[in-house]
Amino acid sequence: MAGSQSDDEKGAAQRVKDFAYEKTPEKFKNASDFQIRLRTGTVYVIICIASILAGDAPTMLFLAATAGICSAEFFYMLRSDAKMPNEWIGVVGAAYLPIAAFFFGLRGIVAGALLLMLALTLWYVFWNRARMQDVGVSLFGALYTGMQLACIMLIRTAFPGTDGGLLVLLLFASIWANDAFAYLVGRKFGKHKLAPRTSPNKSWEGFFGGLAGGVAVWFLVGQIPSVHIDSLQTLVLGVACGLAGVLGDLCESRIKRSVGFKDSGTMMPGHGGLFDRCDSLMTTATAAFVLLVLFGCINPVL
């Protein structure tokens with residue numbers, strides 16, 4: 001009976017795919033990998049820009065959804081490594097942190113992280129099958145995705161009007177520029193491997209090319225009226241964020257390699273999962289927030 005139901009579901013899914021393929025214009029059928037990657041990336045960029053420019057609340061919803069999906073992909077990968085994270089607590093906790101940052105600022109993130117820890121503690125105490133490593137994976141996955149993306153919310157709300165949105169857009173643009181320049185320079189001149197065991201396709205030439213592209217974007221920060229930052233601080237910000245982005249990329253690459261995954265998911269054709277697309281964004285957001293606080297551009301209040 002169950003097998004028959006499963007076959008029916010597969011048949012229905014195939015009929016939906018066939019119908020969608022028939023309705024697809026000829027020029028979009030049999031697209032190359034590059035075309036698929038370009039179209040998916042374009043949709044992602046449009047959603048990012050629209051959400052950020054629409055205001056604080058749309059940015060919060062976008063970040064909460066992103067954190068929830070990325071954490072779900074993280075937990076899915078760790079399941080294959082004999083871990084049993086609590087996806088319900090982890091995903092809800094990750095999605096809640098950007099929301100807490102929107103309503104309560106930095107103290108909301110702190111309170112959210114403590115509530116997450118309390119929920120996982122109760123789960124560990126009252127569910128005998130839960131192991132300490134499962135609690136650790138659940139906590140790390142939620143904080144790594146949700147807390148770091150919540151830093152974007154703190155940056156967005158720290159500046160009046162559209163200035164916060166422009167700064168967040170520059171953060172995104174610096175990552176896109178880093179990726180583009182790293183790919184182009186690495187493909188043309190790449191000879192020396194950056195981290196052959198963790199990410200064999202990356203080269204030192206591509207690394208420096210991407211870093212230069214990202215830094216160039218960060219120099220536009222000084223043109224935002226309410227962001228008071230000098231040229232030296234901008235340079236430090238650009239370099240640090242570029243390094244943080246590479247760290248995030250390598251961290252996710254190591255996670256995938258350790259559990260035998262090529263991509264974190266299939267949500268973004270040509271790119272893999274959403275976690276694949278946001279790995280650099282998370283660490284870059286954290287580095288940007290910390291440096292903006294240290295430079296006195298943001299005054300966080302608990």
Side-chain angles (χ1 to χ4, degrees), residues 51 59-127 129-157 244-245 247-256 258-259 261 263-265 267-268 272-290 300 302:
S51 300
T59 301
M60 176 265 292
L61 294 174
F62 168 72
L63 293 174
T66 301
I69 294 171
C70 288
S71 63
E73 292 180 348
F74 173 84
F75 295 136
Y76 174 74
M77 290 191 293
L78 268 294
R79 280 271 179 184
S80 68
D81 194 35
K83 305 295 189 300
M84 293 189 297
N86 190 315
E87 286 97 337
W88 284 103
I89 296 177
V91 170
V92 171
Y96 172 73
L97 288 170
I99 298 174
F102 171 72
F103 285 105
F104 307 110
L106 189 57
R107 62 182 176 178
I109 296 178
V110 174
L114 292 175
L115 286 173
L116 174 64
M117 189 177 298
L118 176 61
L120 289 171
T121 301
L122 292 171
W123 173 61
Y124 178 67
V125 170
F126 292 105
W127 199 61
R129 293 177 60 188
R131 303 167 298 175
M132 183 54 68
Q133 60 182 337
D134 303 326
V135 175
V137 167
S138 302
L139 182 63
F140 177 77
L143 294 182
Y144 189 83
T145 55
M147 183 175 285
Q148 295 198 109
L149 289 174
C151 289
I152 298 177
M153 196 70 249
L154 295 176
I155 295 173
R156 179 70 172 84
T157 56
L247 176 63
D249 191 8
L250 292 176
C251 179
E252 201 232 359
S253 294
R254 179 166 184 184
I255 292 171
K256 291 189 296 185
S258 67
V259 297
F261 273 70
D263 298 313
S264 66
M267 184 177 182
M268 300 183 65
L274 189 59
F275 192 25
D276 292 315
R277 187 67 272 173
C278 297
D279 51 3
S280 297
L281 174 64
M282 296 172 189
T283 46
T284 300
T286 302
F289 174 73
V290 170
L302 283 176

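Just so it is clear, the values below take in all heavy atoms, side chains as well, and ignore hydrogens, waters and symmetry mates.
Here Glu252 pairs with nothing under the side-chain hydrogen bond (donor to acceptor under 3.5 Å, both in side chains) rule; sequence neighbours left out. Remark: Phe75 pairs with no residue by the ring pair (Phe, Tyr, Trp, His ring centres under 6.0 Å) rule, at least two apart or across chains. Residues that satisfy the side-chain hydrogen bond (donor to acceptor under 3.5 Å, both in side chains) test with Asp134, not counting sequence neighbours, are Arg131.
Arg79 places a side-chain N or O within donor-acceptor distance of the main-chain N or O of Pro85, the cut-off being under 3.5 Å. Side-chain N or O atoms of Ser71 include none that pairs as donor or acceptor with a backbone N or O of Thr145 at under 3.5 Å. The backbone N or O of Ser51 sits less than 3.5 Å from a side-chain atom of Thr59, completing a donor-acceptor pair.
Using a 30° and 60° split on the angle between ring planes, Phe261 and Tyr76 fall in the perpendicular class, above 60°.
With hydrogens and angles left out, the side-chain atoms of Asp276 and Ser264 include a donor and acceptor closer than 3.5 Å.
Atom OG in Ser280 sits 8.5 Å away from atom CG in Leu250 (nearest 0.5 Å). The CG atom of Leu143 sits 12.0 Å away from atom CE of Met282, with the distance rounded to the nearest 0.5 Å. Note that CG of Leu63 is 11.5 Å distant from CG of Leu97, once rounded to the nearest 0.5 Å.
Within a 6.0 Å sphere centred on CE of Met84, other residues, nucleotides and ligands contribute more than 12 heavy atoms.
Of the residues Thr157, Thr66, Leu281, the one that meets the side chain to side chain contact (heavy atoms under 4.5 Å, CB included) test with Ile152 is Leu281.
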